[in-house]
Protein chains: 2
Amino acid sequence: MNLDKFDLAILGVLQRNARASLNDIGAEVGLSSTPCWNRIKRMEAAGVIRGYTVEIDPASLGYMDTVIVHVTLESHSEETLYEFGRALASIPEVLEAFLVSGDYDYYIRIAVRDTRDYERLLREQLYRIPGIRHSKSSFVLRRLKETPLPLG
Amino acid sequence: MNLDKFDLAILGVLQRNARASLNDIGAEVGLSSTPCWNRIKRMEAAGVIRGYTVEIDPASLGYMDTVIVHVTLESHSEETLYEFGRALASIPEVLEAFLVSGDYDYYIRIAVRDTRDYERLLREQLYRIPGIRHSKSSFVLRRLKETPLPLG
DNA sequence: AGTGAAAAGGCTTTAAC
DNA sequence: GTTAAAGCCTTTTCACT
């Protein structure tokens, strides 16, 4: 799907505030509300817009720490990769999981309440998944950026 | 700030669809629209809700690949860490940047259009930042999970 | 493609419980 | 804390450029 400068401008407004009204969006991008509405519906239907979500302060939910875990698997068969991914996806504290090239197989970012919660999560959840060979954890000391995609 | 089960339920609805109407939110959590509105405004004011954003399909914007870069810095002085973070934050393609404990200093996730774009980004942007000692890249082969925070 | 107006529906406030 | 109702604003459709 081809996106023109108006589409990108609309996405930019929605990135900053997904609850902006169509009038406000129109005023910011230089169109009336109707074409904004049409373009948004078109981008929703085309899958450009996947959805709208709220950004929640992790500390407010008691998640004081973020841990990045590197995982190596026993086997690189499609079945092992798939099963491991499925198991990961079912752990709510796992925020992101990427299958990667290079030294490790998976990069995982998890939200934990504290170091005890981290230990519990590793022992009771992660290490119980069959097929793990090795894992290495790094605590996040500072979160510098967590931005949306660049537009244009 | 203390969040009860209704607050968490409201956050859950907004995570799935930040543009849900107050009536829909109320119906899902078992309240009328007025208390939902009050609770949302309270959570916005308290910083529990940081904002509302749109999830965009990266491929639709031409970002076909994701790369995770591990960076080691020359020095661990506060000034170097701060300056490096500031430089990173100014690169739009840098989606996430975490200062971490362990073998490396920074974990960075970047969106790239293709491998040529990745090479250009590393050479023209990342390697130009003063203070970098070493970096290691891993291409993301599969994105398994990119979820919001667990509630409750 | 775009605008503007009008109907339908949702948001926000007030008032009462 | 809650619900209900009133007024206003937004979304959505439609006629027209």
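In what follows, chains carry the letters A, B, and so on, assigned in the order in which the sequence lines appear, proteins first and then strands, with residues in each chain numbered from 1.
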Heavy-atom side-chain proximity of B:Val112 to B:Val67 below 4.5 angstrom: yes
Full working for ring-ring contact (aromatic ring centres under 6.0 Å, His included) between B:His70 and B:Tyr107: CA-CA 5 Å; B:His70 296 52; B:Tyr107 288 160; 4.3 Å; yes
Check: A:Thr34/A:Ser32 side-chain N/O donor and acceptor closer than 3.5 Å: no
Distance below 4.0 Å between A:Trp37 side-chain N/O and D:dT11 OP1 or OP2: no
Euclidean distance, atom CZ of residue A:Arg19 to atom P of D:dT10 [Å, nearest integer]: 13 Å
Side-chain (B:Arg19) to main-chain (A:Ala18) donor-acceptor, under 3.5 angstrom: yes
Whole-Å distance separating the CG atom of A:Leu14 from the P atom of D:dT11: 11 Å
B:Arg42 CZ - D:dT2 C1' separation (whole Å): 14 Å
Spacing of A:Ile10 atom CD1 relative to C:dG2 atom C1', expressed in whole Å: 13 Å
Nucleotide of D:dT11, C:dT3, D:dT2 approaching A:Asn23 most closely (side-chain heavy atoms): D:dT11
Atom-pair distance (CG on A:Asp4; C1' on C:dA1), nearest Å: 10 Å
Sugar-phosphate, base or nothing in reach of B:Arg39, heavy atoms under 4.0 Å: sugar-phosphate
Atom pair distance, as rounded to whole Å: CG in A:Asn38 and C1' in C:dG2: 10 Å
Separation of C:dG4 P from A:Leu22 CG (nearest whole Å): 16 Å
Distance below 4.0 Å between B:Ser32 side-chain N/O and D:dT3 OP1 or OP2: yes
Whole-Å gap separating P (C:dC11) and CD (B:Glu44): 13 Å
Sugar-phosphate, base or nothing in reach of B:Thr34, heavy atoms under 4.0 Å: base
